[in-house]
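Computed from a predicted structure; not experimentally measured.
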Amino acid sequence: MQFGDIVILTGAGISKESGIETFRDRDGLWSKVNMEDVATPEGFARDPKYVLDFHNRCRRDLRGDNIRPNAAHDALARLEREWPGQVLLVTQNVDDLHDRAGSGNLIHMHGEMFKTRCDACGDIHDREDDTTLETPCPACGQAGGVRPHVVWFGEMPFQMDEIQAAVGSCSLFMSIGTSGVVYPAAGFVQEAIFRARAHTVELNLEPSEGASMFAEQHYGPATEVVPTFVDKLLAGQASF
């Protein structure tokens, strides 16, 4: 069967094989750091320096020589280039591995670690270096209000209207490397099923919390299951 437009949701599992620490695994980041202290607006209000230092460390880790796109990132970039319809990639990840692999039609719904945002004027700008309380906003010059351009707990993900419109009209919805517990992303599969009547596929290391909702499932390392499924799609061999 030939599909029309494709929407792909990716989570931390796709970047784990690139050496990036996940958040929700048993030994993930949230087992080591209190997320309420480093990933909420309230935490930033209480101790902005602590929050900025945490994100500075994360940003430096992402720039390690060993951190690079893997075969799963490359396969999704290839799918976008070669598929005759539209391929929209929606990632929950704040790393830049999809960008570096060449994906262009890409939404970072939880923001980007290599951008900062000014609370005073709203300007969003690229940021490679550390951010401190003394860092001035490049647009308005005010210091003290520059924060990571990431979605913290209690904040609304970015571009939700665009994402929901695409999910609600796609022919194929793929979920890759996600836990299935973080909303609103965990609800996309239901929107794809009931609004778009799309075929749904889960590609994951192991079944997610919402695995039973998917019409098709393939489990194993992302660097194996994602390229294999993309090859089948592009060869017209995927069936259901």
Side-chain angles (χ1 to χ4, degrees), residues 7-16 18 20-62 89-99 106-127 130-133 135 137 144-164 167 175-191 204-206 208-211 213:
V7 175
I8 305 165
L9 173 70
T10 66
I14 198 170
S15 294
K16 184 174 182 178
S18 290
I20 295 178
E21 190 172 21
T22 62
F23 290 90
R24 294 182 177 275
D25 283 350
R26 183 174 301 175
D27 59 346
L29 195 56
W30 296 147
S31 70
K32 305 170 185 176
V33 181
N34 187 341
M35 63 185 183
E36 294 181 356
D37 291 336
V38 298
T40 64
E42 294 79 11
F44 188 59
R46 285 194 303 268
D47 194 342
K49 182 180 183 303
Y50 182 71
V51 174
L52 292 178
D53 287 347
F54 170 80
H55 285 78
N56 288 337
R57 291 194 299 273
C58 291
R59 193 181 303 112
R60 289 195 295 268
D61 288 343
L62 291 178
L89 179 56
V90 180
T91 187
Q92 297 170 278
N93 300 335
V94 295
D95 62 60
D96 62 347
L97 296 184
H98 284 304
D99 308 78
L106 171 64
I107 294 176
H108 284 271
M109 67 176 293
H110 289 167
E112 301 175 66
M113 189 62 74
F114 293 104
K115 293 183 184 294
T116 50
R117 183 172 76 248
C118 178
D119 275 343
C121 71
D123 184 67
I124 300 168
H125 36 274
D126 294 335
R127 188 77 188 176
D130 286 356
T131 303
T132 70
L133 293 175
T135 298
C137 169
V146 176
R147 55 158 285 179
H149 184 55
V150 298
V151 175
W152 288 328
F153 291 95
E155 297 181 326
M156 180 62 67
F158 300 131
Q159 295 178 256
M160 283 300 299
D161 288 346
E162 183 179 347
I163 294 169
Q164 290 175 328
V167 171
S175 178
I176 303 171
T178 66
S179 63
V181 298
V182 179
Y183 282 83
F188 290 167
V189 61
Q190 294 174 305
E191 294 188 43
N204 218 347
L205 184 62
E206 57 189 21
S208 71
E209 290 290 329
M213 289 186 287

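Listed by chain and residue number, nothing satisfies the salt bridge (Lys or Arg N to Asp or Glu O under 4.0 Å) test with Asp61 (two or more places apart in sequence, or in another chain). Here Arg46 pairs with Asp37 under the side-chain hydrogen bond (donor to acceptor under 3.5 Å, both in side chains) rule; sequence neighbours left out. Listed by chain and number, the residues in a side-chain hydrogen bond (donor to acceptor under 3.5 Å, both in side chains) with Ser18 are Asn70 (sequence neighbours excluded).
Nearest approach of Phe158 to Ile107, heavy atoms of both residues: O-CG2, 4.4 Å. Nearest heavy atoms, Phe153 versus Pro41: O-CD, 3.4 Å. Minimum heavy-atom separation, His98 to Leu89: ND1-CD2, 3.4 Å. Contact between Thr40 and Gly43 at its shortest, heavy atoms only, is OG1-N, 2.9 Å. Closest of all the heavy-atom pairs between Gln92 and Gly11 is OE1-CA, 3.9 Å. The minimum heavy-atom distance between Glu209 and Gly180, with the atom names listed, is CB-O, 3.6 Å.
Here the OG1-CG distance, from Thr135 to Leu52, works out to 7.5 Å after rounding to the nearest 0.5 Å. In this structure, CZ in Arg117 is found 12.5 Å from OG1 in Thr131, a value given to the nearest 0.5 Å. We find the CD-CZ distance between Gln164 and Phe188 to be 6.5 Å, quoted to the nearest 0.5 Å. The CG atom of Asp47 sits 13.0 Å away from atom CZ of Phe54, with the distance rounded to the nearest 0.5 Å. In this structure, the separation between CD1 on Ile124 and NE2 on His149 is 3.5 Å, given to the nearest 0.5 Å.
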Check: side-chain contact (heavy atoms from CB on, under 4.5 Å) between Cys121 and Cys137: does it pass, once the steps are laid out?
Finding: CA-CA 9 Å; Cys121 71; Cys137 169; 3.7 Å; yes
Next item on the list: Determine, stepwise, if the pair Asp53 / Arg57 fulfils salt bridge (Lys or Arg N to Asp or Glu O under 4.0 Å).
Entry: CA-CA 6 Å; Asp53 287 347; Arg57 291 194 299 273; 5.5 Å; no
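In this structure, Asp126 and Phe114 have side chains that are not in contact, with every pair of non-hydrogen atoms separated by 4.5 Å or more. For the pair His55 and Phe44, the minimum side-chain heavy-atom distance is 4.5 Å or more. Pro48 is listed as a side-chain neighbour of Leu133, based on a closest heavy-atom distance under 4.5 Å.
Tested against Ile14 for a side-chain contact (heavy atoms from CB on, under 4.5 Å), the candidates Asn204, Thr178, Ile176, Leu205 yield a single pass: Ile176. For the pairing with Ile163, the side-chain contact (heavy atoms from CB on, under 4.5 Å) check across Val7, Leu9, Val90 returns one residue only, Val90. Results of the side-chain hydrogen bond (donor to acceptor under 3.5 Å, both in side chains) test with His108 over Asp95, Thr91, Asn93, Asp99 single out Asp99 as the only residue that passes. Only one option out of Arg59, Arg127, His125 pairs with Thr116 in a side-chain hydrogen bond (donor to acceptor under 3.5 Å, both in side chains); it is His125.
Within a 6.0 Å sphere centred on CD of Gln159, other residues, nucleotides and ligands contribute more than 12 heavy atoms. Taking a 6.0 Å sphere around CD of Glu36, one finds it holds 12 or fewer heavy atoms contributed by other residues, nucleotides or ligands.
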